[in-house]
Amino acid sequence: MRAPRSKPAPLGKLIEEIVRNCKYDTRVEADAEARAVCVPASQFHLLIDELVGNAINAVAAREDPAISIRATVKKRSLRPSQLILTVVDNGTGMSPDLLAKARDPFFSTKAGVHVGLGLTNCAELVKSMSGKLDITSAAGIGTSVRITYTI
């Protein structure tokens, strides 16, 4: 069952809003077709903002921070097309053990008041929209979070 949709907005507009307020230069690789896809605005804004926020934290100690947002439309014969949205960073990355815990509720690598719901909520939000969220990461190399959403 899909979650109720918020007011739709073009993906490109949402990405521009987030990148405009980003602390680091963020590379955007999205063709015109992907930028024009109308997505549930509030859900996608939350997702992209959370993932870019995680990337910002991950690259903070690097001398050469790199964050990119990639978007493309994947055409499929006899099935609906998919939007593939990926946020990639060259930050600290995660070990296999840490990656295995990344979606656990209340797990956090940050001390203090942070409760560690970021990636868990992202995964659940994507799931509620009948999408898929995949995380790949390597310690010292960076992290890639890929969202697949049927359009």
Side-chain angles (χ1 to χ4, degrees), residues 1-3 6 11-12 14-31 33-35 37 39-77 79-151:
M1 182 168 109
R2 281 188 177 241
S6 66
L11 178 66
L14 300 175
I15 292 172
E16 287 171 17
E17 289 174 11
I18 291 166
V19 169
R20 186 179 320 120
N21 297 317
C22 190
K23 179 177 178 175
Y24 297 104
D25 286 336
T26 302
R27 184 177 182 172
V28 177
E29 301 170 25
D31 58 27
E33 184 178 19
R35 288 174 186 264
V37 171
V39 295
S42 61
Q43 286 97 325
F44 268 79
H45 193 282
L46 284 169
L47 284 168
I48 299 166
D49 192 52
E50 177 70 23
L51 297 175
V52 169
N54 286 349
I56 288 169
N57 290 335
V59 302
R62 292 205 50 128
E63 291 182 23
D64 61 340
I67 299 171
S68 66
I69 301 171
R70 301 175 186 151
T72 188
V73 173
K74 178 182 175 185
K75 305 280 187 186
R76 304 182 311 164
S77 78
R79 295 188 302 179
S81 298
Q82 293 178 315
L83 173 65
I84 309 297
L85 175 69
T86 310
V87 177
V88 180
D89 68 65
N90 69 339
T92 53
M94 293 181 265
S95 68
D97 290 340
L98 191 59
L99 183 57
K101 296 176 186 176
R103 294 187 197 197
D104 290 351
F106 304 107
F107 174 76
S108 178
T109 59
K110 299 173 187 79
V113 296
H114 188 270
V115 292
L117 292 175
L119 284 175
T120 300
N121 280 340
C122 287
E124 288 301 314
L125 181 56
V126 170
K127 184 178 175 183
S128 76
M129 295 187 298
S130 300
K132 184 178 177 187
L133 184 140
D134 294 301
I135 307 167
T136 56
S137 189
I141 296 174
T143 300
S144 173
V145 180
R146 176 182 161 140
I147 296 169
T148 305
Y149 175 74
T150 301
I151 51 177

Rounded to the nearest 0.5 Å, how far apart are [atom1] of [X] and [atom2] of [Y]?
{"X": "E124", "Y": "L133", "atom1": "CD", "atom2": "CG", "result": "10.0 Å"}
{"X": "N21", "Y": "E16", "atom1": "CG", "atom2": "CD", "result": "12.0 Å"}
{"X": "I15", "Y": "I69", "atom1": "CD1", "atom2": "CD1", "result": "5.5 Å"}
{"X": "I67", "Y": "R62", "atom1": "CD1", "atom2": "CZ", "result": "11.5 Å"}
{"X": "L98", "Y": "S137", "atom1": "CG", "atom2": "OG", "result": "7.5 Å"}
{"X": "K23", "Y": "N57", "atom1": "NZ", "atom2": "CG", "result": "8.0 Å"}

Does R76 CZ have over 12 foreign heavy atoms under 6.0 Å away?
->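 Counting other residues, nucleotides and ligands, CZ of R76 exceeds 12 neighbours.
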
Just wondering, are more than 12 heavy atoms of other shown residues or ligands nearer than 6.0 Å to CG in D25?
-> no

Does the distance from a Lys or Arg side-chain N to an Asp or Glu carboxylate O, for R27 and E29, drop under 4.0 Å?
-> yes

Return yes if some donor-acceptor pair links the side-chain N/O of T86 with the main-chain N/O of R146 below 3.5 Å, else return no.
->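 Flag not set: sc T86 to bb R146 has no pair under 3.5 Å.
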
Please find the pair of heavy atoms, one from [X] and one from [Y], that lie closest to each other, and give the distance.
{"X": "T150", "Y": "P80", "answer": "CG2-CB, 3.5 Å"}
{"X": "A55", "Y": "V87", "answer": "CB-CG1, 4.5 Å"}
{"X": "L83", "Y": "A71", "answer": "CD1-CB, 4.5 Å"}
{"X": "V28", "Y": "V19", "answer": "CG2-CG2, 3.7 Å"}

Just so I know, are the side chains of [X] and [Y] near enough to count as touching, which here means a heavy-atom distance under 4.5 Å?
{"X": "V59", "Y": "N90", "value": "yes"}
{"X": "L51", "Y": "L85", "value": "no"}
{"X": "C22", "Y": "V52", "value": "yes"}
{"X": "S128", "Y": "L125", "value": "yes"}
{"X": "I135", "Y": "S144", "value": "no"}
{"X": "T72", "Y": "D31", "value": "yes"}

V73 pairs by side-chain contact (heavy atoms from CB on, under 4.5 Å) with which of Q82, E33, R35?
-> E33

Pair listing, ring-ring contact (aromatic ring centres under 6.0 Å, His included) test, anchored in residues 43-73, at least two apart =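 The answer is F44-Y149.
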
Could you go through the side chain to side chain contact (heavy atoms under 4.5 Å, CB included) check for R70 and V88 one step at a time?
-> CA-CA 8 Å; R70 301 175 186 151; V88 180; 3.6 Å; yes

Can you run down the salt bridge (charged side-chain N to carboxylate O under 4.0 Å, His left out) pairs that involve residues 81-94, sequence neighbours left out, and say none if there aren't any?
-> none

